[in-house]
Structures are given as C-alpha cells and as structure tokens.
Amino acid sequence: MKNNKKKQIGAWIAIIVLLLAACMPMFFAFGKGENAGNYFRAAIGVAIIVPVLAYAMWMVYRILDRDKKKERNSAVENIIFDVGKVLVKFEWEAYLDSFEFTPEKRDKIAKAVFLSDTWNERDRGSYEEEYYVNQMVKAAPDCEAEIRAVMKDSGKTIEKMEYADTWVRYLKDKGYKVYILSNYGNETMRMTKQKLTFLKYVDGAVFSCDVKQIKPEPEIYRTLIERYHLEPEKSVFLDDRKENCEAAEKFGIHAIQFHSFKQGTAELEKLGVK
C-alpha cells in the first residue's frame, strides 16, 4: 500500500517537472536583456530534452518490469494470504495453560471462548468487545472472572511467524502483488497490530472486522476481488482452513490449504511461483 502511494507521489512530481519544463520557453520569451535570446533557446532545449529523457526512463522501467514478469514464469500474479496460522501463530492453548486452571475449568473456558461460535463471530466486528465477552460468560457463568481475565490479554495468543516479513518481501521482489484476506477481530487488531509488520509490504488487505464479513462467506471474497480488481484465475489463496479454501475456489481462485511454510512454498512452486 505504501509502495502505491510512493508511485503516485512520484508520478505527480514527474508531471510537475514536465509542466515546468514546457512552460520555461514561455517565461523566457518575454524576458529582456542581451542574454534573453540565449535563455530562450536554452529553455526550448530543456522543453525538448526533459520529455525525451522522461520517455526513455519510462521505457527502461517497462523493460525491467517486463523482465521481472518473465522471471516469474507463472500465470499467477496475485498471492493472497490468510493471517492466522499462516503469517502469525495462534497459540491459544499455550496461553490458556499459562493461567494454570484446573483441567475441568480449563476445558470449560476453552469451549466458552476459543472453541465457541462467539469467538468466530467476534471476527465480524458487528458489536463492541463487551458484547462478545458477555456471550462467552453466558456459556459458562461460573467462570465469569476467569473468562474476563483471559479475554483481557487475548492478544498474547498472537505471535508473528519468523518467516512472515521475509516471505512477503521475497514475493514482492519477484514482481507478485500480495494481499491479505483474514478473519480478524477489532480488539485483536488493537492488541496485535504492531506485531503485523508485514502489512507495510502488501498491496492491499481485507480484514473481516473492517468489512463486517467473515470467511467462508462469499461476500468477503467478492469484496477483495472487486476492491483490488483481481483476476481470480491469476490469484492464489493460502489459508489453514479447508472450508475457506473451498470458498475461494468457487470464485475461480487457486487455493492452498496451508500447513507449514515448507509445504506452502512447495505448493506455490507447483503453480510456478518460485
């Protein structure tokens, strides 16, 4: 996303420089003095040379960009990542174990929180965090204090994968567009956004809490495709959940159910992504 902004700024700077170069002859045409003629001729030269140089630079960029695309040797142009269990670890079990609850209480809280439909629906972000926590408490009212304590620091379940930044940057350097399509709650985002450093390298992202849609519902895939004008047949999606991959395939997107970095990269290579 930042790269796109830089390109836009660069384009505007180039336009302004070209306009100034084109206007220079007009400025010096009205000048006076013994050097006015020389200035005018020099301005004419600049007005001619600058656009020619700009065109030459543009052609070099196009050639280099075309060579980068040839280097890809793949029909795939867009890589779409899920976040949880693909680019970040989601270690809710270890986090829950850190509270040292009795086995019975631990299992009850797990079912009321991390294994509940409420936890999944929380990613939609339709309500404030308190609403979802209250729903979890209703499922296990005798564990209210413990559930609230667990939810207060639930961002600790998230840690970035060691390869995340390097992988995204590598794909970008190879000329691919990289996008994010992830179920992610508002409160989780607030607590963990500073860990998601790979976001500064991606070309776009759709998080469920921002669009009030969640995978595997078709609407969120449609949002991604339409927002970034993606061609599904030239896109591949990596997600740890089978149902999310199947939903992507219904739109014609290549899908890889992610299990590990080694397996994911091997599956990408089969599609020509190296």
Side-chain angles (χ1 to χ4, degrees), residues 80-161 164 180-196 199 205-224 237-250 255 257-260:
I80 307 165
F81 284 108
D82 176 31
V83 172
K85 295 188 176 181
V86 179
L87 295 179
V88 304
K89 302 172 186 177
F90 176 48
E91 299 183 330
W92 67 267
E93 292 177 283
Y95 170 66
L96 194 55
D97 289 340
S98 70
F99 287 86
E100 298 183 348
F101 297 129
T102 63
E104 182 181 358
K105 181 165 287 190
R106 188 254 188 213
D107 291 344
K108 185 178 290 188
I109 294 171
K111 290 177 182 178
V113 178
F114 300 109
L115 301 178
S116 68
D117 290 338
T118 300
W119 178 266
N120 294 328
E121 188 61 26
R122 176 175 175 263
D123 287 338
R124 194 186 300 273
S126 297
Y127 303 97
E128 296 296 325
E129 178 72 357
E130 186 66 15
Y131 169 83
Y132 298 109
V133 175
N134 288 339
Q135 293 299 111
M136 295 170 183
V137 169
K138 286 182 181 178
D142 55 323
C143 299
E144 178 174 359
E146 291 86 348
I147 289 174
R148 293 190 183 281
V150 167
M151 290 302 296
K152 182 180 179 181
D153 290 321
S154 59
K156 291 181 178 179
T157 60
I158 304 295
E159 289 297 334
K160 185 178 65 176
M161 296 288 192
I180 298 294
L181 180 65
S182 179
N183 287 353
Y184 219 87
N186 282 313
E187 189 64 11
T188 304
M189 180 64 75
R190 184 190 68 78
M191 289 189 282
T192 66
K193 191 171 184 178
Q194 74 280 3
K195 300 178 183 180
L196 312 183
L199 290 180
V206 173
F207 286 101
S208 59
C209 59
D210 294 330
V211 296
K212 304 299 183 283
Q213 301 163 346
I214 57 174
K215 297 176 295 182
E217 295 172 356
E219 290 78 11
I220 194 168
Y221 298 89
R222 190 174 294 112
T223 294
L224 177 76
F237 176 51
L238 296 94
D239 193 293
D240 64 298
R241 293 188 177 183
K242 182 179 179 181
E243 62 270 25
N244 294 343
C245 291
E246 291 174 344
E249 289 173 338
K250 290 179 181 178
Q257 186 175 359
F258 185 88
H259 301 292
S260 69

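Keep in mind the model is a prediction, meaning the values are calculated, not measured.
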M191 vs S154, side chain to side chain contact (heavy atoms under 4.5 Å, CB included): CA-CA, chis, key distance, verdict = CA-CA 8 Å; M191 289 189 282; S154 59; 3.3 Å; yes
Would D123 and K215 pass as an ion pair if we require N to O under 4.0 Å?
-> no
Check whether the side chains of R148 and N134 place a donor and an acceptor atom closer than 3.5 Å, and report yes or no.
-> yes
Check the side chains of Y131 and S126 for a donor-acceptor pair under 3.5 angstrom, ignoring hydrogens and angles.
-> no
Any side-chain heavy atom of I80 within less than 4.5 Å of one from D239?
-> no
Counting only heavy atoms not in Q194, do more than 12 sit closer than 6.0 Å to its CD atom?
-> yes
Nearest 0.5 Å please: distance from the OG atom of S182 over to the CD1 atom of I214.
-> 11.5 Å
Check against side chain to side chain contact (heavy atoms under 4.5 Å, CB included), R222 and E217 | CA-CA 9 Å; R222 190 174 294 112; E217 295 172 356; over 6 Å; no
Distance in Å, R124 CZ paired with K212 NZ, rounded so as to fall on 0.5 Å steps = 10.5 Å
Indicate yes or no: at least one non-hydrogen side-chain atom of E146 is less than 4.5 angstrom from one of F99.
-> no
What one should report as the nearest heavy-atom pair of K108 and C143 is CD-SG, 3.7 Å
Do Q213 and T223 have side-chain atoms, one donor and one acceptor, less than 3.5 Å apart?
-> yes
Quick one: CG on L238 to CZ on F258, what's the gap to the nearest 0.5 Å?
-> 7.0 Å
E243, CD atom: more than 12 neighbouring heavy atoms under 6.0 Å = yes
Validation row: F237, Y221 side chains within 4.5 angstrom (heavy atoms) = yes
More than 12 heavy atoms of other residues, nucleotides or ligands under 6.0 Å from NZ of K193: is that the case?
-> no
State, to 0.1 Å, how close C245 and A255 come at their nearest heavy-atom pair, and which atoms those are.
-> O-CB, 3.5 Å
Taking the side chain as C-beta and beyond, is there a heavy-atom pair between I220 and S208 under 4.5 Å?
-> yes
So, Y132 side chain and Y127 main chain: donor-acceptor pair closer than 3.5 Å or not?
-> yes
Atom pair CG (L224) and CD (E219), whose distance is rounded to the nearest 0.5 Å = 13.5 Å
E128, CD: over 12 other non-hydrogen atoms inside 6.0 angstrom | no
Which is it for F81 and L181 under the side chain to side chain contact (heavy atoms under 4.5 Å, CB included) test, yes or no, and what are the steps along the way?
-> CA-CA 6 Å; F81 284 108; L181 180 65; over 6 Å; no
So, for L87 and D82, which heavy atoms are closest and what is the spacing to 0.1 Å?
-> CG-O, 3.9 Å
Nearest heavy-atom contact between S116 and A112 is OG-O, 3.3 Å
Does a side-chain heavy-atom distance below 4.5 Å link D97 with R106?
-> yes
Does atom NZ of K152 have more than 12 heavy-atom neighbours from other groups under 6.0 Å away?
-> no
Is the side chain of K85 donor-acceptor paired with the backbone N or O of S260 at a distance under 3.5 Å, no angle test?
-> no
Do side-chain atoms of K195 reach the backbone of I158 as a donor and acceptor pair under 3.5 angstrom?
-> yes
Could you tell me whether E91 and K156 make a salt bridge, using a distance below 4.0 angstrom between a side-chain N and a carboxylate O?
-> no
Output, in order, the C-alpha distance, side-chain angles, deciding distance and verdict of side chain to side chain contact (heavy atoms under 4.5 Å, CB included) for V211 and V206.
-> CA-CA 7 Å; V211 296; V206 173; 4.0 Å; yes
Apply the side chain to side chain contact (heavy atoms under 4.5 Å, CB included) test between L96 and each candidate in V150, V113, D107; give the one that qualifies.
-> V150
Find out whether T157 and F114 are in side-chain contact, i.e. whether some heavy atom of one side chain is under 4.5 Å from a heavy atom of the other.
-> yes
Has D142 got more than 12 heavy atoms of other residues, nucleotides or ligands less than 6.0 Å from its CG?
-> yes
Taking all atoms of both residues into account, what is the closest heavy-atom pair of L196 and M189, and its distance?
-> CD1-SD, 4.1 Å
Should E187 and E130 count as side-chain neighbours, where that means a heavy-atom distance under 4.5 Å?
-> no
Approximate separation, where rounding is to 0.5 Å, of M136 CE and I109 CD1 | 12.0 Å
With a 4.5 Å limit on heavy-atom distance, are the side chains of W92 and L115 in contact?
-> yes
